[in-house]
Amino acid sequence: MDMQTNFLDRLFDAGLLIETGVDGLYGRSGEFEDVIAAFERLIDRFGGQDGAEAMRFPPGMNRAYFETSGYMKSFPQLAGTVHSFCGNDHDHMSLLKCMEVGEDWTKEQEATDIVLTPAACYPLYPTVARRGALPMTGKLFDLQSYCFRHEPSKDPARQQLFRMREYVCMGTEQHVTDFRQSWMDRGVEMMKLLGLTVEIDVANDPFFGRAGKMMANNQRDQNLKFELLIPITSVAKPTACMSFNYHQDAFGTKWGLNLEDGAVAHTACVGFGLERIALALFHTHGLSTSDWQEDIRKILWG
Amino acid sequence: MNETIRDILAKVGNLPVPAADLAQDADLYAAGLSSFASVQVMLGIEEAFDIEFPDNLLNRKSFASIAAIEVTVSQILKAQEAA
């Protein structure tokens with residue numbers, strides 16, 4: 001924890017992250033954003049020729065889609081829902097009175113149709129399902145979104161609102177598992193170019209509760225999730241900066257994603273934790289990009 | 001025990017085939033048991049037999065077939081009696 005708080009304080013002092021008073025909710029400096037923009041261009045250089053269809057969704061998604069996704073079955077502790085005041089004049093007066101005396105004014109807030117996006121690809125599946133059958137050659141999508149996960153922490157690499165860049169592949173089992181493997185290779189190559197120490201390991205999602213323990217064990221047993229890890233605040237427990245997920249036909253079945261021959265599509269996604277990668281770079285090469293080695297700067301900025 | 005397990009599978013297993021017709025060693029995942037449904041089955045069995053699965057048995061293998069579930073439950077019951 002000390003290492004995490006220490007790095008967070010150094011990031012604040014350097015002005016790279018901007019404190020807001022809430023753990024895991026930070027502003028970013030121009031220099032920090034410049035690193036993220038440069039890294040996204042590097043992603044484009046590796047994946048840009050694959051013919052992905054780009055889509056950008058805002059960081060909120062349709063609550064109905066969120067409910068269908070089953071997120072609350074697995075990660076109720078991480079979800080963030082958007083609530084608003086929906087009352088009349090009388091209710092407004094009560095609300096103001098409540099705030100004035102310091103009582104809980106949020107109790108009367110009502111759920112809106114929007115939920116904060118938990119992963120960049122969540123709005124994609126229902127969108128693609130509406131289009132009809134997928135070609136037998138599969139489809140590839142390029143996404144990026146701010147995502148929300150309710151997990152306040154002093155670890156700068158565990159933020160509550162952060163950006164995820166994703167490629168999502170839909171098609172046959174062979175097609176999507178090949179896609180996942182190719183990005184595991186590319187991910188390692190990219191991070192090595194940037195002078196980062198990487199390892200890839202099998203992983204599991206933070207499923208909730210005892211039932212979640214079983215979900216996590218199942219996910220590991222089947223090698224469904226791998227992570228690319230880079231030391232940021234700990235060498236013993238390096239941080240997941242990329243993840244490589246094979247969903248089998250779970251999302252295909254859930255959303256009715258079918259191939260032209262009627263078979264249920266398999267899906268896989270590869271995610272980049274953009275803030276985490278920027279933090280890994282700052283941690284490894286120093287808090288000022290102008291001091292970074294020339295070869296690293298060249299890869300990022302040409 | 002066999003009947004109770006089949007009842008639980010029928011109730012929460014969400015299988016496309018009747019649980020009563022499954023062979024003892026039929027692969028439940030191949031029969032359509034989803035990852036989430038297997039968790040529901042686990043919770044149903046814990047309640048029915050008043051047991052708690054230790055972490056090392058919370059995996060796919062324990063729920064791979066009706067026979068496998070029986071072995072796992074017997075093992076836990078025996079360990080609880082011994083404790």
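The sequence lines fix the lettering, A, B, ..., with proteins before strands; numbering per chain opens at 1.
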> Who wins among Asp55(B), Leu57(B), Leu43(B) for the most heavy-atom pairs under 4.5 Å with chain A?
Asp55(B)

> Under the side-chain contact (heavy atoms from CB on, under 4.5 Å) criterion, do Glu227(A) and Asn245(A) qualify, and how do the steps go?
CA-CA 9 Å; Glu227(A) 287 175 342; Asn245(A) 308 286; over 6 Å; no

> Looking only at heavy atoms and a cut-off of under 4.5 Å, which of Gln40(B), Arg60(B), Glu52(B) has the most pairs with chain A?
Arg60(B)

> If the plane angle is over 60° it's perpendicular, under 30° parallel, otherwise tilted; pick one for His266(A) and Tyr246(A).
parallel

> Stepwise, does the side chain to side chain donor-acceptor pair (under 3.5 Å) test hold for Asn59(B) with Ser62(B)?
CA-CA 6 Å; Asn59(B) 55 45; Ser62(B) 305; 3.1 Å; yes

> What part of Arg220(A) is in contact with chain B, defined as an atom under 4.5 angstrom from a non-hydrogen atom: side chain, backbone, both or neither?
neither

> Is it the backbone or the side chain of Gln222(A) that comes under 4.5 Å from a heavy atom of chain B, or both, or neither?
side chain

> Are Phe75(A) and Phe207(A) close enough that their ring centres sit under 6.0 Å apart?
yes

> For residues Tyr167(A) and Phe179(A), establish whether the separation of their ring centroids is below 6.0 Å.
no

> Name the region of Phe53(B), side chain, backbone, both or neither, that has any atom closer than 4.5 Å to a heavy atom of chain A.
both

> Is it the side chain or the backbone of Asn218(A) that comes within 4.5 Å of chain B heavy atoms, both, or neither?
both

> With a 4.5 angstrom heavy-atom cut-off, is it the side chain or the backbone of Ser34(B) that approaches chain A, or both, or neither?
neither

> For the residue pair His247(A) and Phe251(A), does the interplanar ring angle fall in the parallel (under 30°), tilted (30 to 60°) or perpendicular (over 60°) class?
tilted

